[in-house]
Amino acid sequence: MASVLVVEDDQFVRSALIRHLTEAAHTVRSVGTALEALREVAHFRFDVVILDLGLPDLDGSEALKMLRGITDVPVIVATARDDETEIVRLLNDGADDYLTKPFSVEHLSARMAAVLRRARSSAGEPPPPPQIRVGGLAIDPLRRQAELDGVRLDLTRREFDLLAFLAGRPGVVVARRELLAEVWQQSYGDDQTIDVHLSWLRRKLGETAARPRYLHTLRGVGVKLEPPGPGETPGPGR
Ligand code: CA
């Protein structure tokens with residue numbers, strides 16, 4: 001039926017939700033913190049997220065805003081606070097619906113059905129992300145696979161995300177701050193993190209910072225990915 005992400009730190013509530021949703025033929029993944037939830041939605045496609053607002057790592061409304069920064073998946077917030085001002089604020093922050101704890105299985109099913117119906121009728125089934133091709137690079141975001149000149153690249157999750165993000169905007173200079181926000185989901189951080197991942201990625205692409213082919217660093221500005229020009233030599237071993 002639907003693929004559901006359950007974000008709930010209470011083991012008891014979490015297992016009850018998983019059991020109920022699985023019995024109702026939904027596919028369920030579950031995590032116990034907001035940061036894990038962000039990672040999940042960045043890497044998998046869900047039809048709906050059930051988000052507990054009392055999580056150990058982030059305030060619920062912060063978690064909701066961060067989720068909204070990376071996905072428009074329908075979110076049902078589950079709150080223990082039956083406070084109208086709070087609920088209005090959450091709906092304004094991008095929640096699609098809410099449940100007040102404790103809630104019954106019937107109540108949850110009804111809310112989920114309504115949210116799914118709305119999402120499906122407004123958007124239709126979203127199309128899968130298209131393959132990205134830049135020069136000899138082919139990236140399949142759905143299967144999380146990348147090839148260079150027909151050879152499969154063995155990338156870590158982060159390297160893949162970085163490559164896919166840059167290849168999705170060929171020729172566009174992406175600022176480091178934007179990379180941190182989009183690939184690392186951090187609003188601030190260390191430039192070195194990016195440099196290190198870029199250098200690993202370069203090595204796998206068979207190029208160096210001094211002799212770039214696809215990945216071009218513009219000092220003090222950012223990074224861009226573009227296809228090598230016709231006169232440029234192929235990387236070693238390719
Ligand atoms: Ca909780």
Side-chain angles (χ1 to χ4, degrees), residues 5 34-46 49 63 65-73 94 123 126-238:
L5 176 65
L35 290 179
E36 287 173 301
L38 291 169
R39 207 163 52 216
E40 286 288 308
V41 298
H43 292 105
F44 301 99
R45 207 145 57 85
F46 295 99
V49 175
K65 280 188 209 156
M66 288 177 77
L67 271 179
R68 272 292 162 260
I70 53 174
T71 173
D72 53 7
V73 64
Q131 280 244 358
I132 303 168
R133 287 184 175 278
V134 180
L137 271 173
I139 297 160
D140 184 339
L142 204 60
R143 292 160 65 208
R144 298 188 60 78
Q145 288 176 1
E147 289 182 355
L148 177 59
D149 302 329
V151 179
R152 174 92 164 267
L153 295 169
D154 181 20
L155 302 178
T156 64
R157 179 182 271 204
R158 194 71 87 187
E159 288 162 0
F160 180 87
D161 289 343
L162 184 58
L163 181 66
F165 185 79
L166 290 169
R169 328 165 154 63
V172 175
V173 180
V174 181
R176 284 156 182 280
R177 197 183 312 153
E178 191 181 349
L179 278 181
L180 269 179
E182 297 289 338
V183 179
W184 276 263
Q185 274 108 45
Q186 290 176 6
S187 50
Y188 58 88
D190 185 350
D191 273 5
Q192 241 190 328
T193 309
I194 297 179
D195 288 335
V196 166
H197 281 86
L198 278 172
S199 80
W200 288 337
L201 188 54
R202 277 207 173 94
R203 199 176 312 159
K204 292 186 180 175
L205 295 175
E207 60 183 73
T208 62
R211 302 197 59 187
R213 294 180 67 227
Y214 286 90
L215 285 173
H216 301 262
T217 305
L218 287 86
R219 210 159 282 286
V221 186
V223 188
K224 70 175 172 180
L225 186 152
E226 61 186 12
E232 290 179 48
T233 50
R238 295 192 189 279

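Every heavy atom of this structure was used, including side-chain atoms; hydrogens, water molecules and symmetry mates were not. These numbers were taken from a predicted model, which means no experiment stands behind them.
The two atoms that bring A209 and R202 nearest to each other are N-CD, 3.4 Å, heavy atoms only. Across L67 and A37, no two heavy atoms sit closer than the pair CD2-O, 4.3 Å. Considering every non-hydrogen atom in both A63 and A34, the closest pair reads CB-CB, 3.7 Å.
R133 CZ to I139 CD1: the interatomic distance, rounded to the nearest 0.5 Å, is 10.0 Å. If you take CD on Q185 and CG on L38, they are separated by 6.5 Å, rounding to the nearest 0.5 Å. Atom CG of L137 is separated from atom CG of D149 by 7.5 Å, given to the nearest 0.5 angstrom. Atom CG of L153 and atom CG of L201 lie 8.0 Å apart (nearest 0.5 Å).
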*Could you walk me through whether V223 and L218 pass side chain to side chain contact (heavy atoms under 4.5 Å, CB included), step by step?*
CA-CA 6 Å; V223 188; L218 287 86; over 6 Å; no
*Checking side chain to side chain contact (heavy atoms under 4.5 Å, CB included) for the pair R158/W200: CA distance, chi angles, key distance, verdict?*
CA-CA 10 Å; R158 194 71 87 187; W200 288 337; over 6 Å; no
*Could you walk me through whether F44 and L5 pass side chain to side chain contact (heavy atoms under 4.5 Å, CB included), step by step?*
CA-CA 9 Å; F44 301 99; L5 176 65; over 6 Å; no
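In this structure the side chain of L148 reaches within 4.5 angstrom of the side chain of Y214, judged on heavy atoms. Using a 4.5 Å cut-off on side-chain heavy atoms (C-beta onward), P212 and T217 make no contact.
Side chain of E207 to backbone of L215: a donor-acceptor contact under 3.5 angstrom is found. The backbone N or O of V73 sits less than 3.5 Å from a side-chain atom of R68, completing a donor-acceptor pair.
Partners of E36 by salt bridge (Lys or Arg N to Asp or Glu O under 4.0 Å), not counting sequence neighbours: none found. Q145 is linked by a side chain to side chain donor-acceptor pair (under 3.5 Å) to R143, counting only residues two or more places apart in sequence or in another chain.
For the side chain to side chain donor-acceptor pair (under 3.5 Å) with E159, the lone residue among H197, K204, R203 that qualifies is K204.
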Table please: side-chain donor-acceptor pairs of residues 161-179 below 3.5 Å, with sequence neighbours left out.
residue	atom	partner	partner atom	Å
D161	OD1	R144	NH1	3.2
D161	OD1	R144	NH2	3.0
D161	OD2	H43	NE2	2.9
R169	NH1	F165	O	2.5
R176	NH1	D195	OD1	3.0
R176	NH2	D195	OD1	3.0

